[in-house]
2 protein chains.
Amino acid sequence: MDHKPVTIRDVARECGIALSTVSNALAGKPYVSKETRQHVKEVAERLGYRASSVARALRTNRSFTIGVLIADVANPAFPDFVRGVEDVAIREKCSLFVCNTDGDIERQIWHMQSLLGNRVDGMVLISQHVDDDRVRDLLDNGPPHVTLQRRSPRFDDDYVGSDNVGGITEAVDHLAELGHTRIGFVRGPMGSSTAQERLEAYRAAVSRLGLDADPELVFDGDYTMPTGHRAGRFFLALPRRPTAIMASNDINALGVIDAATEMGFDVPDDLSVVGLDDIALAAYGRINLTTIHLQKRAMGVAAAELLMKRVRAKRRGQSRIMTFPTHLVVRGTTAPPAKAPKPRS
Amino acid sequence: MDHKPVTIRDVARECGIALSTVSNALAGKPYVSKETRQHVKEVAERLGYRASSVARALRTNRSFTIGVLIADVANPAFPDFVRGVEDVAIREKCSLFVCNTDGDIERQIWHMQSLLGNRVDGMVLISQHVDDDRVRDLLDNGPPHVTLQRRSPRFDDDYVGSDNVGGITEAVDHLAELGHTRIGFVRGPMGSSTAQERLEAYRAAVSRLGLDADPELVFDGDYTMPTGHRAGRFFLALPRRPTAIMASNDINALGVIDAATEMGFDVPDDLSVVGLDDIALAAYGRINLTTIHLQKRAMGVAAAELLMKRVRAKRRGQSRIMTFPTHLVVRGTTAPPAKAPKPRS
DNA sequence: TTGTATGCGTTATCAC
DNA sequence: GTGATAACGCATACAA
């Protein structure tokens, strides 16, 4: 097999009719006779004709492709967002270019340029840099886009996010109710709007509840397990240890727990830990992580729908923002603080 | 912004030279004068020109896109394969269409048709159906492809897999050395060459070591956690329970462990469990799963390289097969069997 | 209802 | 060195 795709011209020749009639027949135009259409369809089928999306895209200026920029496929939370996007992509007969950026801006720009070159109909940016000048330039001169889980403070992008404030508030309330007063907080990467919102929500809750507002209780981190590990070691080495930690995400929370275990602390007896994302494995028995649930797939769906609306509209109207509710899932990593702080081991 | 991409014609007009010269200049053709090239580059840059991959693909019959079919992004093992593919895709300046099939053949066919319509240069099939007639038809009339982790017994595809026999053999040896004689085996989906190979390796090892070859020790399953759970319940409800279980993959192993825990059995004291894949979380403290390590990312790289070679060659030469070594990573879910079988709870 | 002609943005061929 | 021009496969305006 030499892989020479059969073209609409081949079909026309085989049918002995004009090329445009084949096109019309296949496109379901109403003014094609029943017999012609039937015949064309049969021949197309027999010849294995498949319209070239490439040629169609060139002609119609619509590629039926969407670019998805994702920070890290390896993070279990991200594929869920992508699944949501894919759900609507399939519905809309679009294909997905999926690009990993590792949170690296050069890599992100490289991918974005490639997507623009491919003339994607739109882009979904999941946890990407959205405020950088070069990114902005690409965004402004490109097709419609939606940001997911990270928002620019300076630009009005369509945006889908979750109720960070509500989530963190609920988590801190939960910990406070259990009796914790010193709650450590691992903040996400600088430059992430989501991380920023969460930090502010934490501070507000701490203040409102009259908890310990010691600045050393905020650890500058990111969303990785090693960072969680370092955060855990840091917090637990403090002269006055926190008895609970709000992590930046689930993976990060696992790092915290690992560190605690290594240092001889029991979770949740000596240290409560709350994650965020509610990845599938958080519910798994041995992990059993208390965490803030995000409607990841639904958010992916919403982002893609917003995008498709934009693609169809062609006009640059008022930007839309969607915020999804979150809820705390209490599992086994939170408990009341130990009465007497455990001596350091 | 109306998102009207600037074309090569715009650049030519702005430069006041012929369109084809712009093309030549940008393409780095040797016979363009230094000054012209420089000027063209400047203008192109200033205008924000980005060549249309769509038009180029139509003209050159090379899209610089690769289709990746994946059984399930949500399974933590798959993204690793994709990462490997992406590594070489970036090197080769290709973009990736990533498609989830959920192991569903209709979905797979839908995606494959879409990929063919997009005129991808090649396809990587990760754990996909490769023996179905319709799939075969698409494959035969399409661009080059490589199968990864699943192989057709009837067709000579380029194939990248891991040493299933070696992996399972090592795992069963390990369990036998610990003193286990009744080892349950959760087999992967029917129709998966990989699953089949593993089953045969298990049987061979059992036979060679003189272990219990009771057919009820083989559970027909798949790669999901719920199935692992069912397998666990099944095995542990047997009048003569196995003392160790070789799962079909890590996620499946976690299901087995969950079931065991629910039924009051301790892992590894009452039941040893071995997984397969070595997903990142397998090493995580609370999971600490003994498992067979697969070089997932490297396999993805190898598959993509094989594919690119094929894409460049254009000829349909001898098919190539690559098998990656595996190794057992002994962690905390395997131990010698309890002396006296624990009474059922 | 069907056919003809044109153009989408490139690259390639061949004159100049 | 440079510049017309054709062609890739399709959709569409328009003619028949």
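Because the structure is predicted, anything quoted here is derived from the model rather than measured. Lettering of chains follows the sequences in order, A, B, ..., and the numbering in each one begins at 1.
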Practice problem: Could you state the atom-to-atom distance from CG of A/Leu58 to P of D/dG9 in whole Å? | Solution: 12 Å
Quiz item: Under 4.0 angstrom, heavy atoms only, what part of the nucleic acid is B/Leu19 near: base, sugar-phosphate, or nothing?
Solution: base
Practice problem: Rounded to the nearest 0.5 Å, what's the gap from OG on B/Ser95 to CG on A/Leu96? Could you check? | Solution: 12.5 Å
Quiz item: Tell me: CZ of B/Phe64 to P of C/dT10, nearest whole Å?
Solution: 15 Å
Anything under 3.5 Å between a protein N or O and an N or O of nucleotides 13-16 of chain C, put it in a table, one pair a line.
none

Quiz prompt | Verdict with supporting geometry, A/Ser33 and A/Thr36, side chain to side chain donor-acceptor pair (under 3.5 Å) | solution = CA-CA 5 Å; A/Ser33 78; A/Thr36 306; 2.6 Å; yes
Exercise. Rounded to the nearest angstrom, tell me the gap between atom OH in A/Tyr49 and atom P in D/dG9.
Key: 10 Å
Quiz item: Cationic tip of B/Arg83 within the cone over B/Phe81's six-membered ring, i.e. under 6.0 Å and within 45° of the normal?
Solution: no
Quiz item: If only side-chain N and O atoms of A/Lys29 are considered, is one of them under 4.0 Å from the OP1 or OP2 phosphate oxygen of C/dT1?
Solution: no
Quiz item: Nearest-Å distance, CG (A/Asn61) to C1' (D/dT12)?
Solution: 14 Å
Quiz item: Does a nitrogen or oxygen in the side chain of B/Thr21 sit under 4.0 Å from OP1 or OP2 of D/dG3?
Solution: yes
Practice problem: Just compare C/dT10, C/dG3, C/dT2 and give me whichever is closest to any side-chain atom of A/Ile17. | Solution: C/dG3
Self-check item: Value in whole Å for how far the P atom of D/dT12 lies from CG of A/Leu26
Solution: 13 Å
Self-check item: Interatomic distance where NE2 belongs to A/His39 and P belongs to C/dT2 [whole Å]
Solution: 12 Å
Practice problem: Using a cut-off of strictly less than 4.0 Å, decide whether B/Arg56 has a side-chain nitrogen or oxygen near OP1 or OP2 of C/dT11. | Solution: yes
Self-check item: Residue whose closest nucleotide on DNA chain D lies nearer the 5' end, A/Ser52 versus B/Pro30
Solution: B/Pro30
Quiz item: Given A/Asp158, which of A/Arg320, A/Arg310, A/Lys309 fulfils the salt bridge (charged side-chain N to carboxylate O under 4.0 Å, His left out) condition?
Solution: A/Arg310
Practice problem: Starting from P on D/dC10, measure out to CZ on A/Arg62 and report it in whole angstrom. | Solution: 18 Å
Quiz item: Whole Å only: how far is the CD1 atom of A/Ile8 from the P atom of C/dG3?
Solution: 13 Å
Exercise. With DNA chain D as reference, determine whether A/Ser23 or B/Glu35 sits nearer its 5' end, using the nearest nucleotide of each.
Key: B/Glu35
Quiz item: Using a cut-off of 4.0 Å on non-hydrogen atoms, how would the nucleic acid contact of A/Arg37 be classed: base, sugar-phosphate, or nothing?
Solution: nothing
Quiz prompt | Gap between atom CE of B/Met123 and atom CD1 of B/Ile126 - 0.5 Å precision | solution = 12.5 Å
Quiz prompt | Partner of B/Ile70 by side-chain contact (heavy atoms from CB on, under 4.5 Å), out of B/Leu125, B/Val85, B/Asn100, B/Asn75 | solution = B/Asn100
Quiz item: Hey, are A/Arg151 and A/Asp131 close enough for a salt bridge, meaning a charged N less than 4.0 Å from a carboxylate O?
Solution: no
Quiz item: What does B/Ala51 touch in the nucleic acid at a heavy-atom separation under 4.0 angstrom: a base, only the sugar-phosphate, or nothing?
Solution: sugar-phosphate
